[in-house]
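Below is one structure, written out as structure tokens, with a few remarks after it.
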Amino acid sequence: MRYLKTSEAAALLNVSPNTLRAWERRFGFPRPQRSPGRHRLYTHGEIAALRDALLDGLSISSAVSRAREGLGADTNALVGALNAFDTARADAALEGALALRSLDRAVQEVLLTALDEVARRHGTDSVQWAYAARWGNSWLSRAQRLVSPSIQSVSVVLGDASRDDLDPDAAYIRALELLLARSGATVLGLSVRGVSNMSEALSAHRPDAVVIAGGALADDAVARWAYAVRLATGPLPVAVFRRGSQRQRVRTTGAAILPSTPGEAARHLMEMASHSISNPTTTRTTAPRLLADGA
């Protein structure tokens, strides 16, 4: 992925950096990421798409619309491939998306959006969803295996409370694991169904934070798992991650509610874990109490 600094992106568009930032505020496009030093970094694909539209003589509002439509074609291509049960086309569609976006945005804006669209069109009891969910989880798992070894001393234990691979939460959880690893975290993923011998799993990892992801399992099962983690590690910062409307069903005490998008959730969790390392006596809390609400 090629990134451009603000000055480089502005030069490619033949405008001033102030004009570029004004377009960002007004239209939400192009949308930059932030470097570790909080500087704007624009993806070359977005800037190039906007430049090409402006060179055709379009106004800035029309150029933004065209650039967005062009980038949105990747999602439509992936949905079409999944509906046709075509693995090669699906892989190619996502590779094309990665040529224009960061991994974070390709996963969230293309892969997860496409999966959500397949579920919306056909339902999660359809053969289309069964195929799409399996492909999505497989792609995310393969991508995680290619992540470079962590260079940070942050460890996160993730309790997977999804039902199975056909649970719509599952791909969001795999995406969170991938983006945490990309951020430099060591992630130990455990099913919330497994409770006994927890100390054996956690003794080598010494986690700095705990996240409970998904909403398919009953609150008492999640609470037993969280209590087993706390017995094995002592008090740790705890967070809950759920996608979309699932977040409205979460009621907890003693736990942070992460944003519903995996990229933002990963950034918040990294901050929690890093803060736990630097302030171990002030940031560690008791395990959360999840209140029964039909989740």
Side-chain angles (χ1 to χ4, degrees), residues 71-147 156-182 185 187-194 211-218 221-222 225 241-247 249 258 260-263 265-266 295:
L71 293 170
D74 293 330
T75 303
N76 294 331
L78 181 53
V79 171
L82 295 174
N83 284 334
F85 310 101
D86 191 328
T87 300
R89 275 177 56 197
D91 288 343
L94 197 52
E95 289 301 318
L98 286 166
L100 299 176
R101 300 169 179 82
S102 64
L103 176 65
D104 182 324
R105 293 186 57 189
V107 166
Q108 294 180 134
E109 297 176 5
V110 180
L111 190 154
L112 294 178
T113 300
L115 292 181
D116 288 344
E117 179 62 16
V118 172
R120 186 191 68 80
R121 290 186 190 181
H122 303 287
T124 55
D125 59 349
S126 67
V127 66
Q128 288 88 349
W129 171 250
Y131 172 81
R134 186 166 185 257
W135 174 86
N137 282 299
S138 174
W139 193 96
L140 290 163
S141 295
R142 282 183 280 133
Q144 188 171 351
R145 289 195 292 270
L146 296 176
V147 172
V156 175
V157 59
L158 184 147
D160 186 340
S162 62
R163 183 182 66 252
D164 51 35
D165 279 352
L166 296 186
D167 186 332
D169 281 349
Y172 279 76
I173 296 170
R174 300 290 84 73
L176 176 60
E177 289 177 319
L178 170 61
L179 298 179
L180 278 170
R182 285 273 295 184
V187 182
L188 175 63
L190 300 172
S191 172
V192 168
R193 294 177 176 86
V211 57
I212 300 166
L217 300 187
V222 174
W225 182 87
F241 172 71
R242 298 204 180 157
R243 63 178 179 87
S245 60
Q246 290 286 327
R247 297 182 70 243
R249 299 164 58 188
L258 296 174
S260 59
T261 57

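Note: hydrogens, waters and symmetry copies are ignored here, and every other heavy atom, side chains too, is used. Starting from 1, each residue takes its place in the sequence as its number.
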Check whether [X] reaches the backbone of [Y] with its side chain - one donor and one acceptor, N or O, closer than 3.5 Å.
| X | Y | answer |
| --- | --- | --- |
| Thr75 | Leu111 | no |
| Trp135 | Leu82 | no |
| Thr261 | Gly263 | no |
| Asp169 | Gly215 | yes |
| Thr113 | Gln108 | yes |

Taking all heavy atoms of [X] and all of [Y], pick out the closest pair and write down the distance.
| X | Y | value |
| --- | --- | --- |
| Leu258 | Phe241 | CD1-CB, 4.0 Å |
| Leu94 | Ala106 | CD1-O, 4.1 Å |
| Arg89 | Ala81 | NH2-N, 3.4 Å |
| Ala216 | Asp167 | CB-OD2, 3.3 Å |
| Ala213 | Ile173 | O-CD1, 3.5 Å |
| Asp104 | Leu179 | CA-CD2, 3.9 Å |

side-chain hydrogen bond (donor to acceptor under 3.5 Å, both in side chains) against Arg145, all qualifying residues, sequence neighbours excluded: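 Per chain and number, Arg145 pairs via side-chain hydrogen bond (donor to acceptor under 3.5 Å, both in side chains) with no residue.
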Could you check whether any side-chain heavy atom of [X] comes within less than 4.5 Å of a side-chain heavy atom of [Y], counting everything from C-beta outward?
| X | Y | result |
| --- | --- | --- |
| Leu178 | Val187 | no |
| Asp91 | Arg142 | yes |
| Arg134 | Asp165 | no |
| Val79 | Arg121 | yes |
| Tyr172 | Asp116 | yes |
| Val107 | Leu140 | yes |
| Leu158 | Leu190 | no |
| Leu217 | Arg193 | yes |

Passes side-chain contact (heavy atoms from CB on, under 4.5 Å), Ser260 versus Arg242? Steps please. CA-CA 6 Å; Ser260 59; Arg242 298 204 180 157; over 6 Å; no
Residue pairs fulfilling ring pair (Phe, Tyr, Trp, His ring centres under 6.0 Å) with at least one residue in residues 73-107, sequence neighbours excluded: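 Listed once each, the pairs are Phe85-Tyr131.
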Glu177 and Gln144: side-chain contact (heavy atoms from CB on, under 4.5 Å), yes or no, with the steps? CA-CA 8 Å; Glu177 289 177 319; Gln144 188 171 351; 3.6 Å; yes
First locate atom CD1 of Ile212, then atom CG of Asp160, and finally report the distance between them rounded to the nearest 0.5 Å.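 One finds 11.5 Å between CD1 of Ile212 and CG of Asp160.
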Roughly how far, to the nearest 0.5 Å, is CD of Glu117 from NE2 of His122?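 Result: 8.5 Å between the selected atoms.
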Stepwise, does the side-chain contact (heavy atoms from CB on, under 4.5 Å) test hold for Val118 with Asn83? CA-CA 7 Å; Val118 172; Asn83 284 334; 4.0 Å; yes
